[in-house]
Amino acid sequence: MASCCSLTQLNITPVAKPGLLLPADRAAIPLFDTDTGLLVVAGKGENLLYCFEVSPLQPALTQVNQCVTEGKTRGAALVPKLALDVIACEVARVLQLTDSFIVPVSYTVPRKSVQEFHEDLFPDSAGTLPSASSQEWWSGDNKQVGKVSLNPARRPKETFTFSLFPHAQQECLPHDSRWLDAGSVDLDRSDASGLSSPSSSLTSPSMALSVSTTSGFASSSSQRSLQSILGPSSKFRHTQGTVLHRDTHITNLKGLNLTTPGECNGFCANRQRLAVPLLSSGGQIAILELSKPGRLPDTSIPTIQNGTPVADFCWDPFDLQRLAVAGEDAKIRIWQIPPGGLQKTLLEPEAVLRGHTEKIYSIQFHPQAANILASSSYDMTVRVWDLCTKQEVLCLKGHTDQIFSLAWSPDGQKLATVSKDGRVRLYEPRRSLEPEQDGPGPEGSRGARVVWACGGHYLLVSGFDSRSERQLYLYKADSLSAGPVAVGTVDVSPSTLIPFYDEDTSVVFLTGKGDTRVFIYEIVTEAPFFLECNSFSSSDPHKGFVFLPKTTCNVREVEFARALRLRQSSVEPVVFKVPRVKEFFQDDIFPPTTMWWEPALTATAWLTGSNAQHQMLSLQPKDMTPVSEAPKDVPVRKYAPSSVYLEEKSDEQKKEELLSAMVAKLGNREDPLPQDSFEGVDEDEWD
């Protein structure tokens with residue numbers, strides 16, 4: 001018989017109230033704790049939780065109490081004893097599954113001291129090591145699982161790794177302390193203050209039990225207890241996406257080209273201007289100035305005449321006037337925009353790069369070296385160009401099918417690709433023209449994208465599985481052959497998810513052309529790897545979605561990302577904020593950012609093997625104090641200081657002060673009464 005505690009009184013928090021008996025037609029879910037003898041019964045479809053005490057004596061089953069929860073129960077489970085906050089006297093915890101939430105219900109015993117372990121509440125519990133193998137059990141061995149102490153000071157130190165996805169296996173990264181990989185989460189909490197649950201102040205002669213419930217995932221002690229099971233949450237989880245005022249929009253955009261390839265973002269922008277492809281013949285591209293919002297004229301506007309349909313295009317990060325455009329004729333044209341924007345139609349490019357033999361799909365500038373451009377083509381090669389000499393300098397091979405996407409590593413030393421043959425490849429172009437390593441990629445053949453994440457230690461790939469579900473794949477860059485460490489399904493949609501990764505916050509924004517929703521995740525280097533945040537939704541589909549540099553964000557408003565949303569006939573800015581106090585600079589959200597607009601290397605230096613990094617820039621305004629240096633709130637004194645009691649007046653002094661106050665209120669006795677000042681009437685008027 002299991003050891004049983006005497007539970008004579010139950011206290012519940014204000015969120016629970018006495019409920020009704022469980023209807024006979026409802027299925028009951030019994031949850032029994034052999035250590036305390038507590039039996040919790042939940043009825044499916046009901047919002048009642050019953051707590052009973054099971055005793056070896058009569059009555060064998062005694063109802064302790066019941067509570068009403070906010071949602072109806074769809075399922076329930078007991079949390080293992082090793083995950084309880086024993087220092088806070090938590091003797092049991094139930095997870096209630098409702099239609100929308102998983103609600104933790106914590107049973108705690110109020111004690112005067114919650115800083116020490118109470119042996120009488122927590123007998124030794126079953127451990128996690130099996131007592132026998134399957135063969136020993138079949139041969140008749142009936143050994144029981146060994147008991148372990150729940151005392152944090154004597155408990156065996158055990159850890160386990162959990163993930164939202166089945167492929168997660170982690171190790172520690174050897175470099176860059178900012179992205180060190182924890183690899184596992186230790187559920188042994190010797191410091192129980194972070195897992196405390198609300199307890200009742202009521203007492204009983206023997207032992208009182210309190211029940212706490214919470215709905216959703218708000219920041220609370222119950223949430224912290226739930227996080228010990230389900231994992232961490234993102235500080236960006238409450239991200240708010242907002243479309244700015246109409247005065248900042250560019251409207252009356254006509255003739256938008258909606259047939260750009262899936263490998264193209266649809267349009268591109270830098271901090272000064274944006275380029276939008278038009279449907280007119282000749283591959284025309286409109287250049288719009290962000291400093292001149294408003295309604296475009298009804299007449300035609302100056303454009304770039306590319307001469308061939310546009311496949312992809314991008315701005316030079318180190319020259320805000322230079323635009324590279326890849327055409328379907330296997331040529332790359334370099335255009336130079338005059339300062340102040342286009343005043344007339346451009347007909348002749350600054351340079352034309354020839355070398356590919358088939359249609360070009362994607363192009364991307366080098367993140368560190370000036371005048372270095374990479375391009376991928378249907379001829380299954382990736383070519384690296386020197387714009388100073390206007391010549392091809394490297395030709396990477398090894399692909400067997402169409403190249404969907406390419407991406408330079410943040411340090412500019414490596415280049416990753418994902419292709420239709422279902423492989424992810426990694427090149428070190430200056431060392432070898434063949435892939436350094438490769439690994440399995442998305443199974444679907446409808447399109448894919450790749451970006452670098454977590455300081456260049458990981459690759460994030462978006463693509464499709466064999467059932468056309470849009471998925472995310474996270475790879476360790478140094479072990480592509482091992483496959484993804486995490487895989488997650490986003491939704492089902494025909495358009496390819498385009499990832500926009502923010503290196504400063506490790507937040508990735510995902511959306512596709514024709515979507516109405518932008519998915520937001522924070523990427524971490526430990527399970528569950530993807531921390532979901534609030535998504536941004538719009539009423540109509542967008543034709544493109546690109547992000548502006550971090551320097552365009554208003555840090556005073558805790559705005560950590562700014563984007564441009566391309567609609568059918570307009571372009572509107574969208575800002576993403578975190579709801580925080582705006583009095584201080586949020587330095588945990590805004591670390592120093594890279595000065596990406598200044599090249600760290602020349603093309604010649606990079607091609608000869610040199611490496612360099614961008615300088616860092618602080619986003620902190622001079623008149624704002626970092627939140628990490630904000631003054632701490634002075635704690636409110638709970639009791640009056642001792643000087644109040646030492647200077648307490650005697651009874652005689654109190655009487656004297658009371659009489660003086662009463663006399664002062666009544667006034668001087670010699671003062672005339674108010675009725676004495678009234679005028680009377682003559683005696684003869686009484687008749």
Side-chain angles (χ1 to χ4, degrees), residues 165 167 260-266 268 311-312 314 326 358-364 374-382 396-409 414-427 435-454 458-477 479-501 508-515 517-519 521 523 529-530 544-547:
F165 309 107
H167 302 277
T260 54
E263 292 75 24
C264 177
N265 291 348
C268 62
D312 195 16
C314 63
E358 298 286 347
K359 175 182 176 181
I360 299 173
Y361 278 102
S362 58
I363 57 177
Q364 190 174 104
S375 61
S376 64
S377 167
Y378 196 68
D379 61 13
M380 293 178 287
T381 65
V382 175
L396 308 182
K397 301 178 180 180
H399 297 90
T400 60
D401 208 332
Q402 176 187 348
I403 303 169
F404 284 140
S405 176
L406 61 85
W408 290 102
S409 61
K414 298 183 179 181
L415 188 144
T417 66
V418 57
S419 57
K420 193 174 182 179
D421 58 9
R423 306 296 293 178
V424 179
R425 293 175 174 84
L426 191 61
Y427 291 83
E436 180 184 59
Q437 55 175 315
D438 67 351
E443 299 177 4
S445 59
R446 303 180 61 177
R449 291 297 185 95
V450 59
V451 294
W452 292 77
C454 303
Y458 286 80
L459 284 173
L460 176 66
V461 176
S462 64
F464 297 87
D465 65 3
S466 58
R467 296 172 295 181
S468 295
E469 293 180 338
R470 297 199 292 191
Q471 290 193 326
L472 295 180
Y473 306 81
L474 189 66
Y475 298 81
K476 292 188 69 173
S479 56
L480 286 184
S481 59
V485 297
V487 179
T489 299
V490 179
D491 63 356
V492 178
S493 182
S495 61
T496 303
L497 278 174
I498 303 174
F500 303 93
Y501 180 75
V508 63
F509 302 83
L510 298 139
T511 190
K513 290 186 289 187
D515 287 0
R517 184 177 178 186
V518 178
F519 299 92
Y521 296 90
I523 300 178
F529 299 101
F530 299 104
F545 209 96
V546 299
F547 279 76

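Since we're looking at a predicted model, the values are computed, not measured. Values below: all heavy atoms of this structure, side chains included; hydrogens, waters and symmetry mates excluded.
With values rounded to the nearest 0.5 angstrom, S481 atom OG is found 11.0 Å from L426 atom CG. For the atom pair CG of L474 and OG of S462, the computed distance is 12.0 Å after rounding to the nearest 0.5 Å.
Side-chain atoms of D401 and S419 include no donor-acceptor pair closer than 3.5 Å. For the residue pair H399 and T381, no side-chain donor N or O sits within less than 3.5 Å of a side-chain acceptor on the partner.
Every residue two or more places apart in sequence or in another chain was checked for a salt bridge (charged side-chain N to carboxylate O under 4.0 Å, His left out) with K513, and none qualifies. Looking at residues two or more places apart in sequence or on another chain, you find a salt bridge (charged side-chain N to carboxylate O under 4.0 Å, His left out) between E469 and R467. Take S409 and apply the side chain to side chain donor-acceptor pair (under 3.5 Å) test, not counting sequence neighbours, and it matches D411. Residues meeting the side chain to side chain contact (heavy atoms under 4.5 Å, CB included) test with V451, sequence neighbours left out: L460, P499, Y501. Every residue two or more places apart in sequence or in another chain was checked for a side chain to side chain donor-acceptor pair (under 3.5 Å) with Y361, and none qualifies. Scored by the side chain to side chain donor-acceptor pair (under 3.5 Å) test, S376 finds S362 as partners (sequence neighbours excluded). Residues passing the side chain to side chain donor-acceptor pair (under 3.5 Å) test with Y473 are Q471, sequence neighbours excluded. In this structure A407 satisfies the side chain to side chain contact (heavy atoms under 4.5 Å, CB included) test together with Q364, V450, W452, sequence neighbours excluded. The ring-ring contact (aromatic ring centres under 6.0 Å, His included) search around F547 returns F500, F509, F545, F576, not counting sequence neighbours. Judged as a ring-ring contact (aromatic ring centres under 6.0 Å, His included), and not counting sequence neighbours, F404 has no contacts.
Side-chain contact between Y427 and T417 is present, with heavy atoms from C-beta onward closer than 4.5 Å. Side-chain contact between L459 and V424: present, with at least one pair of heavy atoms (C-beta onward) separated by less than 4.5 Å. Residues Y475 and V485 form no side-chain contact, since every pair of their non-hydrogen atoms from C-beta on lies 4.5 Å or further apart. Inter-residue side-chain proximity for L472 and L510 is flagged as met; some heavy-atom pair is nearer than 4.5 Å. Side-chain atoms of F530 and I523, non-hydrogen and from C-beta on, do get closer than 4.5 Å to each other.
Between A486 and F529, the shortest heavy-atom contact is CB-CD1, 3.6 Å. The minimum heavy-atom distance between A311 and I360, with the atom names listed, is CB-O, 3.1 Å. G483 and P440 make their closest contact through CA-CG, 3.9 Å (heavy atoms, listed as atom of the first residue, atom of the second, distance). For the pair V418 and P442, the tightest heavy-atom approach, listed with the atom from each and the gap, is CG2-CD, 4.0 Å.
Listed by first then second residue, pairs satisfying salt bridge (charged side-chain N to carboxylate O under 4.0 Å, His left out) with a partner in residues 436-452 read K414-E436, R423-D438, not counting sequence neighbours. Note on residues 487-498: pairs passing salt bridge (charged side-chain N to carboxylate O under 4.0 Å, His left out), not counting sequence neighbours, are R470-D491.
In this structure a side-chain-to-backbone donor-acceptor pair under 3.5 Å is missing from S445 to K420. Checking side-chain atoms of R425 against main-chain N and O of A416 turns up no donor-acceptor pair under 3.5 Å. A donor-acceptor distance shorter than 3.5 angstrom exists from the side chain of S377 to the backbone of K359, with no hydrogens or angles considered. Here the side chain of D312 pairs a donor or acceptor atom with the backbone of I363 at under 3.5 angstrom.
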Trace of the side chain to side chain contact (heavy atoms under 4.5 Å, CB included) decision for D515 with S493: CA-CA 8 Å; D515 287 0; S493 182; 3.7 Å; yes
CA sep, side-chain torsions, deciding dist, call: V490, F519, side chain to side chain contact (heavy atoms under 4.5 Å, CB included): CA-CA 8 Å; V490 179; F519 299 92; 3.7 Å; yes
